[in-house]
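Working notes, beginning with the structure itself.
Just follow the structure's listing: the first ligand is 1, and inside any ligand the first atom is 1.
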Amino acid sequence: MTSTARPSGRNQTSRVVRHQMYIGGRFEDALSGGTLEVYDPATEGVIATCPAGDAKDVDRAVRAATSAFYGGWRKVTAQERGRVLLRLADRIRARRGELAELETRNSGKPIVEAEYDMDDTATCFEYYGGLATKINGEVLPVPAEAMAFALREPVGVAGQIIPWNYPLLMAAWKIAPALAAGCTVVLKPAEQTPLSILALAQDFEAVGIPPGVVNIVTGDGPGAGAPLVVHPDVRKIAFTGSAEVGKLIMRAAADQLKRVSLELGGKSPNIFFNDADFENAVDGALFGTFINQGEVCSAGSRVLVQRDIYRKFIDAAAAKAKTIKLGNGLDRETKMGPLVSSEQRDRVVRYLEIGRGEGKLAVGGGIPKALDWGWYVEPTIFYDVDNSATIAQEEIFGPVMSVIPFTDEAEAIRIANATPYGLAAAVWTRDIFKAFRVVKALEAGIVWVNHMQPTFVEAPWGGYKASGFGRELGHWAVEEYLETKQVFINLDEKPIGWY
Ligand code: NAP
Ligand code: MG
């Protein structure tokens, strides 16, 4: 890594660090020499460059991952793979402050949230460090004169493509179970947020990850992501991102009948019954939608409120939303940072314009005037939104809440399930019977009761319907990186006697 003088630019306040990607255990430029600019969303300044990897770089990385897989990683014991992951977790804990600050500078998120992310990232590596030694096959009950078992084997080279909202945590969700399973990895971070995973790669060798076992290829989706999906030596693609790109990936992978797992977007309902604890519920609605600037796949962006508390709920939520402190994520008082990029800010602003025609505005609705720099959007609440409205059906991925009234349990369930997505949902009530009835009726891969968003590495993460398939986290994630081999052994020494 080297530093260069800052380029000209109106709001360029920091030096631009030139980063390299990580292939075969070495930090490398793109073969083409191309680079991408990396921004601080709070200042709009360029803080770094990273290589603009393309198909040639992907090929180098896949070769490195392939020779690492066949050359030794396959023979590394589960115990040692586990220890490697545990040592990496230790490094993340030791570097928590530095990595969190880098994550905030690159993604915009509040530093307090970035610190939680670093803790979750370390916990993820610890969990899979422990799980590496618990990946067992099964012995099968075949007739007495035979023996059969199912072996679990790593799929080989895994291609992994991740989004920009939780940069290091999403990398951990992918890399940790793949290594626990015995795979090698080529990971492409989002073009906007490559910095934290590249910073962590500096520790890979020291913790005992052999060269080629984990490769990080930076670049954009069409340039570096697409060739990874179609590379013939990549046995499996794990993708987290939008439904739109998920479809492209599935189509591209179809030609080689390549295994794919997809963690896509959502338009998750957060359902409030009139018997919920009111103050908690209002907090839960705001937290469920506005955490991480609303750039959360499981954001509870459709807030369904029972009619008898509807008006009071909107007033309370709007009053609280007004107190959310926007600002540079590095400021510890900040509760909401800028969106990740000017493109994302513009995208969200377009939805705000649509929303004005589809609902009534309770609070927010624009770009905050007090902040000179940064891709901020005000926390926004629309109400009297019909569930068929664009802002209630399409994933906005910003701090925009649509409040929708309902009369009874049946109507709440009907509205909650009426989107193409099915990632997450939450229900707030003090009636345990109602809570469980609703839990069972919701078509979603994650359902919370009296909370929204807490996420634990032990529990499965993934969606129903257009939110994708396959599961991350827990032992489920390891399945995504394993093959199953049936082995049958004839113990009968008599001739088979067929011919
Ligand atoms: P995105 O635009 O779909 O991009 C995701 C990743 O795919 C990026 O690394 C992107 O590269 C890459 N990509 C783009 N086009 C590609 C192509 N043709 N072939 C291969 N790769 C390609 O999503 P995003 O804007 O980064 O993230 C927001 C989305 O992620 C939301 O829809 C959100 O719901 C979803 N998400 C889901 C989960 C979950 O667990 N279900 C978690 C987090 C986020 P570049 O951007 O670098 O070009
Ligand atoms: Mg993108």
task: Examine distances only and state if a side-chain atom of Glu443 and a backbone atom of Tyr464 form a donor-acceptor pair shorter than 3.5 Å.
output: no
For the student: nearest non-hydrogen atoms of Glu472 and Lys174, plus distance: OE2-NZ, 2.6 Å
statement: In Lys267, Arg414, Arg302, the residue satisfying side chain to side chain donor-acceptor pair (under 3.5 Å) with Asn387 is Arg302
message: If I apply the N/O under 3.5 Å rule, does Gly221 come out as touching ligand 1?
response: yes
- prompt: Looking at Gln393 and Tyr421, what are the two nearest heavy atoms and their distance?
  reply: O-CE1, 4.0 Å
- request: Enumerate the atoms of ligand 1 whose separation from the nearest heavy atom of Ile161 is less than 4.0 angstrom.
  value: 6 (C), 7 (O), 9 (O), 12 (C), 20 (C), 21 (N)
- prompt: So is there a nitrogen or oxygen of Glu472 less than 3.5 Å from a nitrogen or oxygen in ligand 1?
  reply: no
query: Distance below 4.0 Å between atom 48 (O) of ligand 1 and any protein heavy atom?
result: yes
task: Pick whichever of Leu264, Ile446, Val229 has a heavy atom sitting closest to atom 41 (N) of ligand 1.
output: Leu264
- prompt: Is any N or O atom of Trp173, backbone or side chain, closer than 3.5 Å to an N or O atom of ligand 1?
  reply: no
message: Please compare Lys267, Glu395, Glu191 and report which has the shortest non-hydrogen distance to atom 31 (C) of ligand 1.
response: Glu395
- request: Indicate yes or no for a side-chain donor-acceptor contact from Asn270 to the backbone of Gly288 under 3.5 Å, with no hydrogens or angles considered.
  value: no
- request: Report yes or no: does Trp375 contribute a side-chain atom to a donor-acceptor pair with the main-chain N or O of Gln344 at less than 3.5 Å?
  value: no
task: Using a strict 4.0 Å cut-off to heavy atoms of Leu423, name the atoms of ligand 1 that fall inside it.
output: 41 (N)
Atom indices of ligand 1 within 4.0 angstrom of Ser242 heavy atoms, with elements: 1 (P), 2 (O), 3 (O), 23 (O), 29 (C), 30 (O), 32 (O)
- request: Give a yes/no on ligand 1: does Ala252 have at least one heavy atom closer than 4.0 angstrom to it?
  value: no
query: For ligand 1, is any non-hydrogen atom under 4.0 Å from Thr240's backbone (N, CA, C, O), its side chain (CB onward), both, or neither?
result: both
message: Checking a contact table here: which protein heavy atom is nearest atom 19 (N) of ligand 1, and how many Å away?
response: Ala226 N, 3.5 Å
Flag, side chain of Arg471 to backbone of Gly463, donor-acceptor distance under 3.5 Å: yes
query: Looking only at protein heavy atoms, which one is nearest to atom 27 (O) of ligand 1, and how far off is it?
result: Pro163 CB, 3.3 Å
- request: Decide ring pair (Phe, Tyr, Trp, His ring centres under 6.0 Å) for Trp461 and Trp173; before the verdict, give the C-alpha distance in whole Å, the side-chain angles of both, and the deciding distance to 0.1 Å.
  value: CA-CA 10 Å; Trp461 186 273; Trp173 284 21; 5.6 Å; yes
- line: Residue, atom and distance of the protein heavy atom nearest atom 40 (O) of ligand 1 read Trp461 NE1, 3.1 Å
query: For atom 25 (O) of ligand 1, what's the nearest protein heavy atom and its distance?
result: Trp164 NE1, 3.0 Å
task: Verify the neighbour count for atom NZ of Lys134: are there more than 12 heavy atoms of other residues, nucleotides or ligands below 6.0 Å?
output: yes
message: Counting neighbours of CD on Glu483 that are heavy atoms of other residues, nucleotides or ligands and sit closer than 6.0 Å, is the number greater than 12?
response: yes
query: Is Asn165 touching ligand 1 with its side chain, its backbone, both, or neither, if touching means heavy atoms under 4.0 Å apart?
result: side chain
Heavy-atom gap Gly463 to ligand 1 smaller than 4.0 Å: no
message: Can you name the atoms of ligand 1, numbered from 1 with element, that are less than 4.0 Å from a heavy atom of Leu248?
response: 18 (N)
- line: atom 33 (C) of ligand 1: closest protein heavy atom, distance to 0.1 Å, is Phe397 CE1, 3.1 Å
task: Answer with side chain, backbone, both or neither: which part of Phe239 has a heavy atom less than 4.0 angstrom from an atom of ligand 1?
output: side chain
message: Using a 4.0 Å heavy-atom cut-off, which part of Asp220 comes near ligand 1: side chain, backbone, both, or neither?
response: both
- request: Select the closest option to atom 39 (C) of ligand 1 among Pro189, Ala424, Cys297, judged by heavy-atom distance.
  value: Cys297
field: For Gly219, atoms of ligand 1 separated by under 4.0 Å from a heavy atom
entry: 47 (O)
- request: Is it possible for you to check whether Lys320 lies under 6.0 Å from the centre of the six-membered ring of Phe290, through NZ or CZ, and within 45° of that ring's axis?
  value: no
task: Please confirm whether Lys236 makes a cation-pi placement over Tyr481, using NZ or CZ under 6.0 Å from the six-membered ring centre and within 45° of the ring normal.
output: yes
- prompt: Which protein non-hydrogen atom lies closest to atom 10 (C) of ligand 1, naming both residue and atom, and how far is it?
  reply: Lys188 NZ, 4.0 Å
task: Search all heavy atoms of Tyr22 against all heavy atoms of Leu198 and return the closest pair with its distance.
output: N-CD2, 4.4 Å
message: Can you confirm whether more than 12 heavy atoms, excluding those of Lys335, are under 6.0 Å from its NZ atom?
response: no
query: For atom 8 (C) of ligand 1, what is the nearest protein heavy atom, given as residue, atom name and distance?
result: Ile162 O, 3.4 Å
- request: Return the option from Gly265, Pro227, Gly241 holding the heavy atom at the smallest distance from atom 35 (C) of ligand 1.
  value: Gly241
field: Test item: Thr49 side-chain N/O and Arg18 main-chain N/O as donor-acceptor pair under 3.5 Å
entry: no
